[in-house]
Amino acid sequence: MKYEGKTVYSSGEIADLLGFDDYHRVSNYLKKIGAKNVTKKGNTRYYSEKTKETVITYFKALEHKGSGESKKDQLIEELRTQLRTAQKESVDKLAEQKKEYDSKLADQKNSYERIISAKDDDISNLKDTVTNLRKQQDIANDQIKELTTVTKQAQSLNLADKSPEQIKMLKGNAETSTERSSSEKSTDSRRQSIESEKPRQSWWQRHFGKR
């Protein structure tokens, strides 16, 4: 089967490659050398390509005649060395992947923090703007109140500068002006009425009448 783009093998599949009817010979050897599986599906463990080659090399070597016990031990030690190397490479690979993941995670975290910081700055700026507008409005209201007070004071001082006689005279002039206007209107009305009551003279009377 495939795992992370690579082919992995179960003990049964390795046994098939060796032509063994009993896969337990392979699984027992894997346990003996402490081989670690790269993944697991159900109860079946799967091993890497290197582990598979190590197992095949071992069992192929046993098939040669005349191989002594010392040679067998030497082969086992060599296979263990290969396995340790493979395990170290796997650990190094996992460590590199973790390093890349941590780096991406840190970049993403910094990006989120910058976005949050920018939003906090925008909110702070809006609050400052609202505060400044309120201050300006308060200043404008105070100026309007001061202007209203000054205007009232100026009007009071203007009246205070005039004597009671001047104030009375101003009122009298206003009343006299009103009465005169009414009297002139009445006189004009009477004059128009008298002129309308005079008998009109004919053309002959106007030119040859008594003078």
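All heavy atoms count here, side chains included; hydrogens, waters and symmetry mates do not. Positions are given from 1 along the sequence.
Across all their heavy atoms, Y47 and K36 have their closest contact at CD2-O, 3.7 Å. Nearest heavy atom pair, residue S10 against residue T44, reads CB-CG2, 3.7 Å. Nearest heavy-atom pair across K32 and R80 is O-NH2, 4.3 Å. The shortest non-hydrogen separation linking A35 to L83 is CA-CD2, 3.7 Å. Between Y23 and S11, the shortest heavy-atom contact is CD1-OG, 3.5 Å.
The hydrophobic cluster containing F20 also contains I33, counting ILVMFWY residues as joined when their side-chain heavy atoms lie under 4.5 angstrom apart, directly or transitively. A single hydrophobic cluster is not seen to contain both L30 and V38; linkage of ILVMFWY side chains at heavy-atom distances under 4.5 Å, directly or through other members, places them apart. Note on L79: it clusters hydrophobically with L17, by side-chain heavy-atom contacts below 4.5 Å among ILVMFWY residues. Hydrophobic clustering of Ile, Leu, Val, Met, Phe, Trp and Tyr side chains at less than 4.5 Å, counting indirect connections, unites Y3 with Y46.
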Let's go through N37 and V8 carefully: what are the C-alpha distance in whole Å and the side-chain angles of both, what is the deciding distance for side chain to side chain contact (heavy atoms under 4.5 Å, CB included) to 0.1 Å, and is it a yes or a no? CA-CA 9 Å; N37 57 289; V8 292; over 6 Å; no
Check: So T129 and L133, side chain to side chain contact (heavy atoms under 4.5 Å, CB included) or not? Walk me through it.
Finding: CA-CA 6 Å; T129 301; L133 289 174; 4.2 Å; yes
Before giving the answer on side chain to side chain contact (heavy atoms under 4.5 Å, CB included), spell out for K127 and S124 the whole-Å C-alpha distance, their side-chain angles and the decisive distance to 0.1 Å. CA-CA 5 Å; K127 288 182 178 179; S124 178; 5.7 Å; no
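Formation of a donor-acceptor pair under 3.5 Å by the S117 side chain with backbone atoms of E113 is not found in this model. Looking only at distances, no side-chain donor or acceptor of S90 sits under 3.5 Å from a matching main-chain atom of A86. A donor-acceptor pair under 3.5 Å is absent between the side-chain atoms of S103 and the main chain of K99, judged by distance alone. The backbone N or O of Q108 sits nowhere less than 3.5 Å from a side-chain atom of S111 that would complete a donor-acceptor pair.
Taking OG1 from T131 and CG from L126, the interatomic distance works out to 10.5 Å, rounded to the nearest 0.5 Å. The CG atom of L105 sits 9.5 Å away from the CG atom of N110 when rounded to the nearest 0.5 Å. Distance check, rounded to the nearest 0.5 Å: CG of L147 to CG of D142 gives 12.5 Å. Distance check: I14 CD1 to T54 OG1 gives 9.5 Å after rounding to the nearest 0.5 Å. Separation of atoms CG (N141) and CD (Q137) is listed at 5.5 Å; rounding is to 0.5 Å.
Separation of the Y29 and Y58 ring centroids falls under the 6.0 Å cut-off.
For the pair Q82 and K50, the minimum side-chain heavy-atom distance is 4.5 Å or more. K2 has its side chain within reach of T7: a pair of non-hydrogen atoms, C-beta onward, lies under 4.5 Å apart.
Comment: K88 engages D92 in a salt bridge, judged by a side-chain N to carboxylate O separation of less than 4.0 angstrom. Salt bridge E49/K52: present, at least one basic N to carboxylate O contact under 4.0 Å.
Open room surrounds CG on D21; 12 or fewer heavy atoms of other groups in view lie less than 6.0 Å from it.
Under 3.5 Å, the side chains of Y101 and Q97 contain no donor-acceptor pair of N or O atoms.
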